[in-house]
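Below, read A as the first sequence line, B as the second, and so on, with proteins coming before strands; counting in each chain starts at 1.
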Amino acid sequence: MSGKNRTVADIVAVCQEMFEDLSFNYARKWKAAKPGRKVVGFLPVYSPLEMIHAAGCLPLGIFGGGDQMEVIHGDAYYQSYICRIPRSTIELGVTNRLDFVDGMIFPFVCDVIRNLSGMWKIMFPNVWTKFFDTPQNYIPSIGGTYYEQELLELKEGLEHMTGRKISDDDIRNSIKLYNENRRLVREVYAFRAKEPWKAPTSEIYLLMRAGLMMDVEEHNQMLKDYMAAAKAEDRPKRDNVRVSIYGSFCEQPPLNLIKSIEMAGCYVVDDDYSLNNRFLMVDVPSTGNPLKALSDTYIENSVETSCKYVPDGKVKGEFHVKAIKACGAEGVIYATPSFCDPALLDRPMICSKLSEAGIPYIAFKYAENSGQMQPIREQAGTFADSIKLWS
Amino acid sequence: MSKPEAVKEASMEMQKAMIARNYDAITSKHETGRKVSSTFVPGNLNELLMCFDIVNNLPEINAIQAGMRKASGGYIMEAEKSGHSEDVCTYVKADIGQMSKGNIAPNGKPYPNPDVLMLSYTGCYTFMKWFELLREEYKCPTLMLHVPYEGDGHSTKNMRDYIVKQLKEVVIPGLEQVSGVKFDIDRLRGYLKASAKAEDDLVWCLEQGKVKPSPIDAYFGGVYYIGPIFTAFRGTDDAVEYYKMLRAEVQGRIENHQGPLTPEGTYFNDQKYRLIVEGPPNWTNFREFWKMFYDEGAVVVASSYTKVGGLYDQGFRHDPENPLESLADYCLGCYTNLNLPTRVDLLAKYVEEYEADGLLINSIKSCNSFSAGQLMIMKEVERRTGRPGAFIETDLVDPRYFSAANVKNRLESYFQMIEQKRRGGGSKTVAA
């Protein structure tokens with residue numbers, strides 16, 4: 001798929017096709033290409049994809065059904081006050097769109113996704129289903145030790161599912177590939193923060209979402225190609241304000257919502273969309289005990305997000321303030337899915353920290369199938385104008 | 001016209017006095033010099049807190065008290081005005097709203113600020129955020145005990161070791177620092193011994209739901225039965241005494257072929273329907289809600305809510321021989337820390353063992369830990385037992401989400417469905 005002559009439009013078209021394909025044909029073809037291959041789905045927010053890759057499986061990001069899928073069966077499983085992602089994920093399952101998926105990992109995000117792991121066990125008893133509980137204690141000798149053992153159990157589960165052993169070298173090799181992926185993702189994010197008119201978030205978002213559904217080496221090449229093509233492209237710089245978007249780490253907004261924010265006069269220079277590929281902020285050591293390396297990096301160098309406990313109350317929210325300053329954002333849009341406990345319970349704390357730091361913000365809610373964008377455009381447009389006029 | 005005072009049994013009066021004493025201990029901390037912790041019901045470490053002479057204050061119980069006194073609605077709206085979403089847990093908002101309204105305890109005195117937030121994070125994600133929010137208000141030390149979820153339907157050695165390590169290296173040193181009291185493991189053993197004794201009697205009482213007519217109501221009555229052991233009294237002599245008294249009362253009713261005492265002061269003997277109930281009750285309209293059941297002849301013979309603070313009926317007891325490990329096992333085994341298949345197994349087992357007519361789910365808007373997946377739970381339990389299920393929706397302490405007419409309608413439809421099933425007609429089990 002590599003090609004120096006690929007344009008931004010070519011690359012984005014491939015990503016968009018994958019993003020819209022709710023039959024997951026890329027993953028199906030990948031699996032069919034070699035006998036014995038297996039696919040492991042994972043939900044937001046963070047799973048150690050290195051482990052899935054080291055098992056010889058394709059990690060497949062499952063981010064619900066978006067705004068293109070009608071949820072018919074899924075609604076029968078949930079009350080009206082539960083967010084949309086679990087119901088559309090169920091819909092994907094019961095409509096056989098995930099019938100080729102051999103395993104599913106439900107990482108810790110909230111009680112809804114946690115309980116969905118058990119529902120999956122009941123509904124799809126032939127699928128290897130794992131609830132993956134990351135530590136909330138960040139002392140290496142306590143939470144780190146626990147997490148290392150959890151990784152070992154994850155490894156054993158994957159081995160049992162695939163019928164093949166995973167060696168330390170397998171994991172170290174995967175760590176190297178994902179380190180490269182994380183470096184390239186960081187480069188793309190830095191490039192967008194510097195010259196956002198050359199890398200609109202509606203494109204970056206697709207690039208990242210597609211990356212969580214494809215082979216990591218292929219995505220690494222794609223990221224390189226995108227950077228080269230985006231740098232070469234001449235795009236006009238507009239008089240937009242620079243904003244960061246937070247609160248959108250689990251259920252994803254419709255693509256139109258991102259486009260609407262941009263059309264309303266905002267350059268998105270940081271976000272927490274589909275966070276898995278930025279969850280670990282530094283390279284994972286690729287020598288020594290690989291499980292310890294993954295554990296240490298999680299404990300010491302992972303992002304602050306609502307599904308993690310912040311042990312020191314004094315620094316709660318500072319992560320966001322620092323990130324805003326680092327990317328030069330002038331304001332924050334705290335956009336959360338309706339009924340999202342983590343983001344909505346965190347919102348008063350994060351927003352009060354923004355106020356203390358003198359950072360303007362607005363907040364609104366969405367669902368993955370929100371269709372009415374006019375209020376979003378008006379709100380984001382007014383916010384952008386207010387920053388231009390008064391900040 | 002004010003509502004007539006509820007008729008209470010001796011054990012209820014005793015519990016009321018215990019609770020009043022605890023509130024007095026909390027609100028008099030400045031006079032007595034005792035330290036106060038805030039903590040949660042599931043996974044609470046009452047015996048451990050007692051080792052440090054710390055008084056245990058439970059914000060969930062305070063929210064329930066506010067709900068029963070019809071004060072929670074105002075508190076919730078106060079919190080929403082200050083930026084808390086209408087979508088999130090109303091216990092949290094009742095607690096936060098109460099602070100801005102003077103934070104007055106049921107004894108009329110102001111709650112003092114806690115000296116420590118004991119965040120035993122068991123079975124409910126919201127707990128973590130709740131105490132992060134409170135920490136911003138109180139600026140006091142917060143001790144986090146992370147209890148991993150039993151995703152695969154059982155606990156592991158790794159989970160247990162992780163909890164014990166946190167107890168040894170974070171929680172106990174933290175409590176020593178807050179209280180100035182040195183930890184004495186033998187003192188803990190003594191309290192755990194008392195806990196196990198009270199737990200034996202609690203289990204005996206809960207299991208009498210199998211008797212016909214049932215001498216207990218395991219949901220509405222159940223919240224009284226679990227009160228002491230789920231809150232600030234597990235490990236105390238008072239709790240041992242309370243459960244001895246409760247057991248004697250239940251025994252007396254069995255001997256007299258009596259059902260449980262209703263708040264109106266009559267024994268509920270004419271029991272037509274035996275139900276298992278899943279989910280917490282509504283607190284803002286508690287008596288009205290209960291009346292809808294006994295008016296129709298429905299008694300709850302077992303419930304999952306009476307297991308949120310420990311699954312004692314499945315064999316767990318606090319063990320003085322392995323004190324810290326036992327606390328870890330207790331936390332891991334609380335009901336909302338169990339995965340969905342385990343919850344289905346347990347509820348289906350209750351339907352069979354308690355010879356119930358079916359499973360009723362009271363789905364709580366505020367509580368995703370309980371609620372997410374309950375529709376599937378209902379279908380699965382129906383499928384396994386062949387007995388009909390029903391689903392009603394209310395909230396914990398937000399009066400806006402209690403619609404008496406809707407709830408009553410659904411209950412009546414459900415009882416009709418049970419009747420139909422008994423007559424052998426309408427074998428289809430359709431949810432009400």
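- Heavy atoms closer than 4.5 Å to chain A are found in both the backbone and the side chain of B/Gln166.
- Under the 4.0 Å criterion applied to side-chain N and carboxylate O atoms, B/Glu325 and B/Lys157 are not assigned as salt-bridge partners.
- Inspection of the B/Ser363 and B/Glu393 side chains reveals no N or O donor paired with an N or O acceptor under 3.5 Å.
- Looking at A/Asp133, the atoms closer than 4.5 Å to chain B (heavy atoms on both sides) all sit in the side chain, from C-beta outward.
- The six-membered or imidazole ring of A/Tyr309 lies away from that of B/His146, with a centre-to-centre distance of 6.0 Å or more.
- Residue contact with chain B, scored on non-hydrogen atoms closer than 4.5 Å, involves the backbone and the side chain of A/Ser338 alike.
- Proximity to chain B is limited to the backbone of A/Val109, based on heavy atoms less than 4.5 angstrom apart.
- Classification of the A/Phe279-A/Tyr298 ring pair by plane angle, with boundaries at 30° and 60°, yields parallel.
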| said: Apply salt bridge (Lys or Arg N to Asp or Glu O under 4.0 Å) to residues B/Arg384 and B/Glu380 and explain how you reach the verdict. | reply: CA-CA 6 Å; B/Arg384 288 197 204 176; B/Glu380 273 299 300; 3.8 Å; yes
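- Contacts of B/Thr156 with chain A are made by side-chain atoms alone, with heavy-atom separations under 4.5 Å and no backbone atom involved.
- A/Arg114 touches chain B through backbone and side chain together, each having a heavy atom under 4.5 Å away.
- Here the two rings, on A/Phe106 and A/Phe131, have centers that are 6.0 Å apart or farther.
- A/Ile139 touches chain B through its side chain: at least one heavy atom from C-beta onward sits under 4.5 Å away, while N, CA, C and O do not.
- For A/Glu159, the CD atom sits in a packed shell: over 12 heavy atoms of surrounding residues, nucleotides or ligands are nearer than 6.0 Å.
- Residue A/Leu344 touches chain B through both its backbone and its side chain, counting heavy-atom pairs closer than 4.5 Å.
- Looking at B/Cys124 and B/Pro42, their side chains never come closer than 4.5 Å, going by heavy atoms from C-beta outward.
- At a 4.5 Å heavy-atom cutoff, the contact between B/Lys379 and chain A is made by side-chain atoms alone.
- Interface check for chain A: of the options B/Arg135, B/Glu150, B/Lys165, B/Glu169, the most heavy-atom pairs under 4.5 Å are formed by B/Arg135.
- Neither the backbone nor the side chain of A/Lys353 comes within less than 4.5 Å of any heavy atom in chain B.
- The choice from B/Asn368, B/Val88, B/Asn158 that makes the most heavy-atom pairs within less than 4.5 Å of chain A is B/Asn158.
- If you measure heavy-atom distances from B/Ile377 to chain A, you find no contacts under 4.5 Å at all.
- Salt bridge A/Lys316/B/Glu132: present, at least one basic N to carboxylate O contact under 4.0 Å.
- Judged purely by atom type and a 3.5 angstrom limit, B/Thr39 uses its side chain to pair as donor or acceptor with the backbone of B/Met118.
- Proximity to chain B involves both the backbone and the side chain of A/Pro135, based on heavy atoms less than 4.5 angstrom apart.
- Ion pairing between a basic and an acidic side chain is recognised when a charged N comes within 4.0 Å of a carboxylate O; B/Asp329 and B/Arg160 show such pairing.
- The choice from A/Ile82, A/Asn137, A/Thr336 that makes the most heavy-atom pairs within less than 4.5 Å of chain B is A/Asn137.
- When each of A/Lys121, A/Met119, A/Gln79 is scored by its heavy-atom pairs under 4.5 Å with chain B, the top score falls to A/Gln79.
- Most heavy-atom pairs under 4.5 Å with chain B, from the set A/Gln136, A/Arg347, A/Gln149: that is A/Gln136.
- Interface residue A/Ala76: backbone and side-chain heavy atoms are both found under 4.5 Å from chain B.
- Under the 4.0 Å criterion applied to side-chain N and carboxylate O atoms, B/Lys365 and B/Asp398 are not assigned as salt-bridge partners.
- Checking A/Val94, A/Thr129, A/Leu116 one by one against A/Met123, the side chain to side chain contact (heavy atoms under 4.5 Å, CB included) holds for a single residue, A/Val94.
- When heavy atoms are compared at a cutoff of 4.5 Å, B/Ile364 approaches chain A solely by way of its backbone atoms N, CA, C and O.
- When each of B/Gly123, B/Ala372, B/Gly151 is scored by its heavy-atom pairs under 4.5 Å with chain A, the top score falls to B/Ala372.
- Contact count versus chain A (heavy atoms, under 4.5 Å) is highest, among B/Phe131, B/Phe370, B/Tyr162, for B/Tyr162.
- Heavy atoms closer than 4.5 Å to chain B are found in the side chain of A/Glu153, but not in its backbone.
- Contact annotation for A/Lys365: only side-chain heavy atoms (C-beta onward) come within less than 4.5 Å of a heavy atom of chain B.
- Interatomic distance, B/Asn282 CG to B/Tyr401 OH, rounded to the nearest 0.5 Å: 13.0 Å.
- Of the two parts of A/Phe108, only the side chain, counted from C-beta on, holds a non-hydrogen atom closer than 4.5 Å to a non-hydrogen atom of chain B.
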